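From a predicted model like this one, the values you see are computed outputs, not experimental measurements. Naming: A, B, ... by sequence-line order, numbering from 1 per chain.
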2 protein chains.
Amino acid sequence: MAERGRPRAFDRDEALHRAMRVFWTCGYEGASVSELAQAMGINKPSLYAAFGCKEELFREAIALYGREEGAPVGEALAAGRTARGAIEMALRVNARSYTNPDNPRGCMVVVSALAGAPENNPVCRFLAENRRESEESFRRRVERGIAEGDVLASADPARVAAFYATVMHGLSIQARDGASAAALEKVVDSAMAAWETVAS
Amino acid sequence: MAERGRPRAFDRDEALHRAMRVFWTCGYEGASVSELAQAMGINKPSLYAAFGCKEELFREAIALYGREEGAPVGEALAAGRTARGAIEMALRVNARSYTNPDNPRGCMVVVSALAGAPENNPVCRFLAENRRESEESFRRRVERGIAEGDVLASADPARVAAFYATVMHGLSIQARDGASAAALEKVVDSAMAAWETVAS
DNA sequence: CCATTTATATACCGATAGGTACAAAATTGA
DNA sequence: TCAATTTTGTACCTATCGGTATATAAATGG
């Protein structure tokens with residue numbers, strides 16, 4: 001069970017956290033491997049030995065981001081007693097996260113690779129798939145609301161999900177552009193005002 | 001008045017159009033100067049002689065984008081007889097543009113440099129400023145609506161502008177992720193349903 | 001026809017990109 | 001103690017990055 005060779009001298013999880021912040025700040029293409037290694041406090045061969053390649057490191061960083069910043073959103077969605085309350089809480093959790101002074105601005109899944117060189121298309125598609133899944137989770141929550149009776153049976157779950165996903169993604173841009181937490185909360189207020197019409 | 005030396009063998013405007021499409025597709029960092037020159041049908045020295053440097057070429061491309069894709073939005077804003085109608089039309093014009101099969105997906109100002117390497121921060125800030133101006137134009141249109149009596153005097157123009165700017169920016173992400181024109185139009189329907197509450 | 005001016009294409013610049021070879025160091029099992 | 005295994009740091013690889021020197025070609029003014 002014990003490890004055989006020379007033990008790793010750095011904390012893999014801590015290093016991944018630091019890499020995540022660099023990608024979150026600079027984006028996938030804007031973060032160089034040298035810069036990543038420096039921020040992680042290791043040399044490049046250690047980085048490659050532990051994480052494979054730049055793209056694999058990025059995918060692990062996104063997975064970590066999902067666990068740390070995305071999980072509270074999923075919990076809010078699940079915990080809300082109505083679909084409306086759940087989606088509102090999910091948006092508010094995001095609004096706080098996007099403007100948290102301890103974090104880079106906006107959602108890492110939105111800001112780190114919206115466009116890129118042709119050879120990096122897999123990274124862009126990976127993030128797009130990630131965003132699609134967020135919208136899916138909104139849709140499923142609306143479906144659950146219909147099943148539980150807190151959403152009209154005539155509502156179109158896909159339409160509701162598309163609208164609130166659009167607002168959520170837009171919040172990342174506003175956050176990057178310097179909007180305050182209070183400003184984003186007001187945007188959420190506005191978006192929720194459409195609920196009765198959107199989910200009808 | 002006549003030009004003195006050897007005449008330029010390419011159409012500067014046509015070349016700028018082609019550069020714009022490359023930046024729009026790949027983003028600022030994802031578009032290499034070699035790739036740009038190839039798409040423009042010229043060699044790199046011609047590119048540098050005509051446009052200065054990569055960043056200047058990008059800024060000219062954004063200006064061209066504003067003239068071609070942005071102008072109809074400004075016209076829609078100005079032409080609408082009410083603030084509500086004007087903003088709705090602006091969003092619909094964008095929804096069409098973002099999903100136009102002849103164009104790359106989404107708004108070039110949103111997708112081409114949301115994050116980047118530290119040395120490219122000026123480009124990111126330039127685009128952020130561009131987006132801020134879009135939001136400003138929404139705000140001014142709401143103020144005009146108050147002055148003309150089609151918006152309640154109690155409305156908060158900044159709040160209305162922030163909400164619709166958020167939706168507009170979110171539309172770019174949805175478009176990049178493959179949403180259809182019809183899907184984006186439905187999102188606009190949903191956003192407009194919030195008007196009475198947001199502008200009150 | 002010739003000097004001047006500007007654009008062209010080729011070939012190149014130093015710097016950095018992502019990624020790795022290699023030898024020394026640090027651990028384990030025997 | 002010693003072979004086997006893994007990590008470490010240095011130094012390096014090729015390819016490409018943004019950008020340019022240079023010589024030639026094509027125009028104008030005189």
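The distance between atom NZ of A:Lys54 and atom P of C:dT16, rounded to the nearest whole Å, is 16 Å. Between A:Arg4 atom CZ and D:dC2 atom C1' the separation is 12 Å, expressed in whole Å. Computed from coordinates, the B:Glu55 CD to D:dC17 P distance equals 18 Å when rounded to whole Å. In this structure, B:Glu29 atom CD and C:dG18 atom P are separated by 11 Å, rounded to whole Å. To the nearest angstrom, P of D:dC17 lies 11 Å from CG of A:Asn120.
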Could you list the donor-acceptor pairs under 3.5 angstrom formed by side chains in residues 51-62 of chain B, with sequence neighbours left out?
unit_1  : atom_1 : unit_2  : atom_2 : d
B:Lys54 : NZ     : B:Tyr28 : O      : 2.9
B:Lys54 : NZ     : B:Ala31 : O      : 2.9
B:Glu55 : OE2    : B:Arg59 : NE     : 3.1
B:Glu55 : OE2    : B:Arg59 : NH2    : 2.9
B:Glu60 : OE1    : B:Arg12 : NH1    : 3.1
B:Glu60 : OE2    : B:Arg12 : NH2    : 2.8

Which pairs would a plain distance check flag for residues 108-123 of chain A, meaning a side-chain donor or acceptor within less than 3.5 Å of a matching protein atom at least two apart in sequence or in another chain?
unit_1   : atom_1 : unit_2   : atom_2 : d
A:Ser112 : OG     : A:Met108 : O      : 2.6
A:Asn120 : ND2    : A:Glu29  : OE2    : 2.7

List the atom pairs, donor and acceptor, that lie under 3.5 Å between side-chain atoms in residues 72-88 of chain A and the rest of the protein, sequence neighbours left out.
unit_1  : atom_1 : unit_2   : atom_2 : d
A:Thr82 : OG1    : A:Gly85  : N      : 2.9
A:Arg84 : NH1    : A:Glu196 : OE2    : 2.9
A:Glu88 : OE2    : A:Arg92  : NE     : 3.2
A:Glu88 : OE2    : A:Arg92  : NH2    : 2.8

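The ring-ring contact (aromatic ring centres under 6.0 Å, His included) pairs that include a residue from residues 65-90 of chain A are A:Trp24-A:Tyr65, where partners are two or more places apart or lie in different chains. Residue pairs meeting the side-chain hydrogen bond (donor to acceptor under 3.5 Å, both in side chains) criterion with at least one partner in residues 131-152 of chain A, sequence neighbours excluded, are A:Glu129-A:Arg132, A:Arg131-B:Asp177, A:Glu135-B:Gln174, A:Glu136-A:Arg139, A:Arg139-A:Glu143, A:Arg144-A:Glu148. Listed by first and then second residue, the ring-ring contact (aromatic ring centres under 6.0 Å, His included) pairs involving residues 80-111 of chain A amount to none (not counting sequence neighbours).
Within residues 6-16 of chain A, the residues having any heavy atom under 4.0 Å from DNA chain D are, by residue number, A:Arg6, A:Pro7, A:Arg8, A:Ala9, A:Phe10. Scanning residues 35-53 of chain A for heavy-atom distances under 4.0 Å to DNA chain D yields A:Asn43, A:Pro45, A:Ser46.
Remark on the helix from C:dC1-D:dG30 to C:dA30-D:dT1: inter-end axis angle 0°, axes from five-pair C1' superpositions, rounded to 10°.
For B:Phe126, the ring-ring contact (aromatic ring centres under 6.0 Å, His included) test picks out no residue, with sequence neighbours left out. Shown here are the ring-ring contact (aromatic ring centres under 6.0 Å, His included) partners of A:Tyr164, two or more places apart in sequence or in another chain: A:Trp195. Scanning for ring-ring contact (aromatic ring centres under 6.0 Å, His included) contacts around B:Tyr48 gives an empty result, with sequence neighbours left out.
Counting non-hydrogen atoms under 4.0 angstrom, B:Ala117 reaches nothing in the nucleic acid.
Side-chain polar atoms of B:Thr99 and B:Arg105 form no donor-acceptor pair below 3.5 angstrom.
Taking 4.5 Å as the limit, every side-chain heavy atom of B:Leu16 sits out of range of all side-chain heavy atoms of B:Met20.
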